[in-house]
Amino acid sequence: MHPADSSAGDDPISLRDFAGSLARDAGRLAYAGRRAARDDAAALGETTKSTGTDIVTTFDRAAEAEIVARLRGARPADAIVGEEGTADSGTSGYAWFIDPIDGTTSFVYDLPTWSCSVAVAHQGTMLAGAVYVPPLDELFDAARGHGARLNGDPIAVSTETDLALALVATGFSYNAETRRAQAARLAQMIGNVRDIRRMGSAAIDLCFVAAGRLDVYFEQNLNSWDSAAGELIAREAGATTSNFSGGPARPSEMLASAPGLHSAFVDLLTTTATAATPL
């Protein structure tokens with residue numbers, strides 16, 4: 001067992017620190033592999049999943065295996081849900097959501113916008129989460145009721161209230177037809193905001209909202225592991241999170257924004273909705 005794993009208690013602070021240790025160590029493992037493969041694309045072991053643009057690499061699998069092995073050693077009764085195929089049912093009521101490399105396309109292209117995301121819920125309530133960005137050596141984390149942090153320091157969302165000055169991030173589907181519809185929505189939207197960014201990692205986008213680096217983030221058709229940690233971190237930093245109509249946030253419709261922009265952005269999503277079909 002990893003030396004730090006024996007202290008993985010059930011309180012949110014302990015769970016946050018454990019999640020951070022898992023995310024950081026697995027992220028560094030993946031980053032070391034990417035550095036070693038810098039001049040050898042074949043070493044990435046690149047294959048595809050749902051579509052030809054949905055990439056998975058040897059290091060996605062290795063990072064997930066590292067996290068899963070430590071979880072099974074420290075908390076064998078917990079459930080584990082991982083992007084790369086881990087699906088362990090548990091008996092404790094705790095469930096871990098793992099995205100070993102969120103932003104694999106950025107990872108493959110050696111861009112710095114990829115992350116390792118780990119979150120834990122109890123009976124459906126998210127308690128703690130961590131997102132580590134290896135190229136930046138930045139660890140975002142949060143414990144329910146205890147705020148959000150970046151490398152141990154408290155963070156808070158933007159105070160922007162003018163939608164015209166909002167920097168907005170989003171992501172796109174792996175399905176080409178859906179991407180076209182999403183781009184059509186952005187074409188209607190871009191004149192109403194400061195500008196649009198597309199990082200390639202939902203977890204990073206949510207954390208950047210938490211840190212005030214972005215004012216708004218929205219995306220459709222995520223998976224639970226994409227947003228579990230980041231949504232909690234954004235919320236604990238003071239963001240308003242919801243679906244596109246202002247109801248509870250869910251992976252299929254994820255919106256996180258500065259509180260002073262939320263209502264106006266929901267209205268904007270409503271007025272541009274017809275451009276976003278089909279989904």
## Note on the structure
When every non-hydrogen atom of Ala229 is compared with those of Ala119, the smallest separation belongs to N-CB, 3.5 Å
### Task
Measure the shortest side-chain to side-chain distance between Ile98 and Val81 over non-hydrogen atoms and say whether it is less than 4.5 angstrom.
no
### Distance in Å, Asn223 CG paired with Phe97 CZ, rounded so as to fall on 0.5 Å steps
11.5 Å
### Message
Is there a side-chain contact between Tyr31 and Asp137 in this structure, where contact means two heavy atoms from C-beta onward sitting under 4.5 Å apart?
### Response
no
### Task
Say whether Val209 and Ile233 are linked into one hydrophobic cluster, either directly or through other cluster members, by side-chain heavy-atom distances under 4.5 angstrom.
yes
### Query
Please walk me through it: do Asp17 and Arg149 pass salt bridge (Lys or Arg N to Asp or Glu O under 4.0 Å)?
CA-CA 11 Å; Asp17 294 345; Arg149 310 185 305 175; 3.8 Å; yes
#### Entry: Joint hydrophobic cluster, Val266 plus Met189, side-chain heavy atoms closer than 4.5 Å
yes
### Query
Does a side-chain N-to-carboxylate-O contact under 4.0 Å join Arg61 and Glu64?
no
### Task
Decide whether Asp60 and Thr104 meet the rule of one side-chain donor and one side-chain acceptor closer than 3.5 Å.
yes
#### Entry: Evaluation steps, side chain to side chain donor-acceptor pair (under 3.5 Å), between Ser173 and Arg179
CA-CA 5 Å; Ser173 170; Arg179 283 202 304 275; 5.9 Å; no
#### Entry: Full working for side chain to side chain donor-acceptor pair (under 3.5 Å) between Ser117 and Asp102
CA-CA 7 Å; Ser117 175; Asp102 184 40; over 6 Å; no
### Message
Determine whether Arg24 and Cys116 satisfy the following criterion, side chain to side chain contact (heavy atoms under 4.5 Å, CB included), listing intermediate values before the conclusion.
### Response
CA-CA 7 Å; Arg24 183 188 287 111; Cys116 181; over 6 Å; no
### Message
For the backbone of Gly246 and the side chain of Asn243, can you confirm whether one donor and one acceptor N or O come within less than 3.5 Å of each other?
### Response
yes
#### Entry: His122 and Tyr94 aromatic ring geometry - parallel, tilted or perpendicular at 30°/60° bounds
tilted
### Message
Would you say Arg235 and Thr240 are linked by a side-chain donor-acceptor pair, where the criterion is simply a distance under 3.5 Å?
### Response
no
### Task
Decide yes or no on side chain to side chain donor-acceptor pair (under 3.5 Å) for Asp141 and Tyr132, but give the supporting numbers first.
CA-CA 8 Å; Asp141 63 14; Tyr132 181 60; over 6 Å; no
### Query
Would you find a donor on one side and an acceptor on the other, under 3.5 Å apart, between the side chain of Asp205 and the backbone of Ala169?
no
### Query
Under 6.0 Å between ring centres, would you say that holds for Phe265 and Phe218?
yes
### Task
Kindly indicate whether the side chain of Phe18, heavy atoms from C-beta on, has any atom under 4.5 Å from the side chain of Leu71.
yes
### Task
Look at the side-chain heavy atoms of Ile, Leu, Val, Met, Phe, Trp and Tyr, link any pair under 4.5 Å apart, and say whether Met199 and Leu150 land in one connected group.
yes
### Task
State whether the side chain of Asn175 and the backbone N or O of Glu177 hold a donor-acceptor pair below 3.5 Å, judged by distance alone.
yes
### Task
For Arg185 and Leu269, indicate whether the former's side chain and the latter's backbone hold a donor-acceptor pair under 3.5 Å.
yes
### Query
Sub-3.5 Å donor-acceptor pair from the side chain of Glu236 to the main-chain atoms of Gly147, do we have one?
yes
### Task
Find out if a path of hydrophobic residues (ILVMFWY) with successive side-chain heavy-atom gaps under 4.5 Å connects Leu261 to Ile190.
yes
### Query
Which heavy atom of Ala63 sits nearest a heavy atom of Pro100, and at what distance?
CB-CB, 3.6 Å
### Message
Is there a path of hydrophobic side-chain contacts, each under 4.5 Å between heavy atoms of I/L/V/M/F/W/Y residues, joining Leu136 to Ile101?
### Response
no
### Message
Would you say Glu219 and Thr170 are linked by a side-chain donor-acceptor pair, where the criterion is simply a distance under 3.5 Å?
### Response
no
### Query
Side chains of Thr178 and Phe172: does their closest heavy-atom pair fall under 4.5 Å?
no
### Task
Applying side chain to side chain contact (heavy atoms under 4.5 Å, CB included), run through Leu29 and Arg34 and close with a yes or a no.
CA-CA 9 Å; Leu29 182 153; Arg34 187 64 188 85; over 6 Å; no
### Query
Is a side-chain N or O of Arg194 found less than 3.5 angstrom from the main chain of Leu165, in a donor-acceptor match?
yes
### Task
Keeping the roles fixed (side chain from Ser92, backbone from Ala77), state whether a donor-acceptor pair exists under 3.5 Å.
yes
### Query
Any luck finding a side-chain donor-acceptor pair between Ser201 and Thr113 under 3.5 Å?
no
### Message
Could you check whether Ser14 and Asp11, counting side-chain N and O atoms only, form a donor-acceptor pair closer than 3.5 Å?
### Response
yes
### Closest contact, heavy atoms only, Ala142 versus Leu232
O-CD2, 4.0 Å
### Message
Strictly distance-based, threshold 3.5 Å: is any side-chain N or O of Glu160 a donor or acceptor partner for the main-chain N or O of Ala258?
### Response
no
### Query
Which word best sums up how the rings of Phe107 and Trp114 line up, parallel for under 30°, tilted for 30 to 60°, or perpendicular for over 60°?
perpendicular
### Message
Regarding Glu66 and Arg72, does a basic nitrogen lie under 4.0 Å from an acidic carboxylate oxygen?
### Response
no
### Value rounded to 0.5 Å, distance of OG1 in Thr271 from CG in Leu268
4.5 Å
### Task
Evaluate the side-chain proximity of Arg144 to Met126: yes if any heavy-atom separation is below 4.5 Å, no if none is.
no
### Task
Assess whether side chain to side chain contact (heavy atoms under 4.5 Å, CB included) is satisfied between Val168 and Asp195, documenting all intermediate values.
CA-CA 6 Å; Val168 177; Asp195 209 344; over 6 Å; no
#### Entry: Any donor-acceptor N/O pair, Ser257 side chain to Pro259 backbone, under 3.5 Å
no
#### Entry: Separation between OG of Ser245 and CG of Asp267, rounded to the nearest 0.5 Å
11.5 Å
### Query
Can you tell me how far CZ of Phe244 sits from CZ of Arg250, rounded to the nearest 0.5 angstrom?
9.0 Å
### Query
Closest heavy-atom contact between Ala166 and Val216?
CB-CG2, 4.5 Å
### Message
Could you tell me if the side chain of Arg197 sits less than 4.5 Å from the side chain of Tyr217, heavy atoms only?
### Response
no
### Shortest non-hydrogen contact between Ala256 and Ala234, atoms and distance
CB-CB, 4.4 Å
### Query
If you look at every heavy atom in Ala128 and Pro12, which pair is closest and at what distance?
CB-O, 3.8 Å
### Query
Can you check whether Ser252 reaches Gln220 side chain to side chain, under 4.5 Å on heavy atoms?
no
### Message
Taking Leu167's backbone N and O only, do any of them form a donor-acceptor pair with Asp215's side chain (distance below 3.5 Å, no angle check)?
### Response
yes
### Query
Step by step, would you call His262 with Thr241 a side chain to side chain contact (heavy atoms under 4.5 Å, CB included)?
CA-CA 8 Å; His262 184 261; Thr241 65; over 6 Å; no
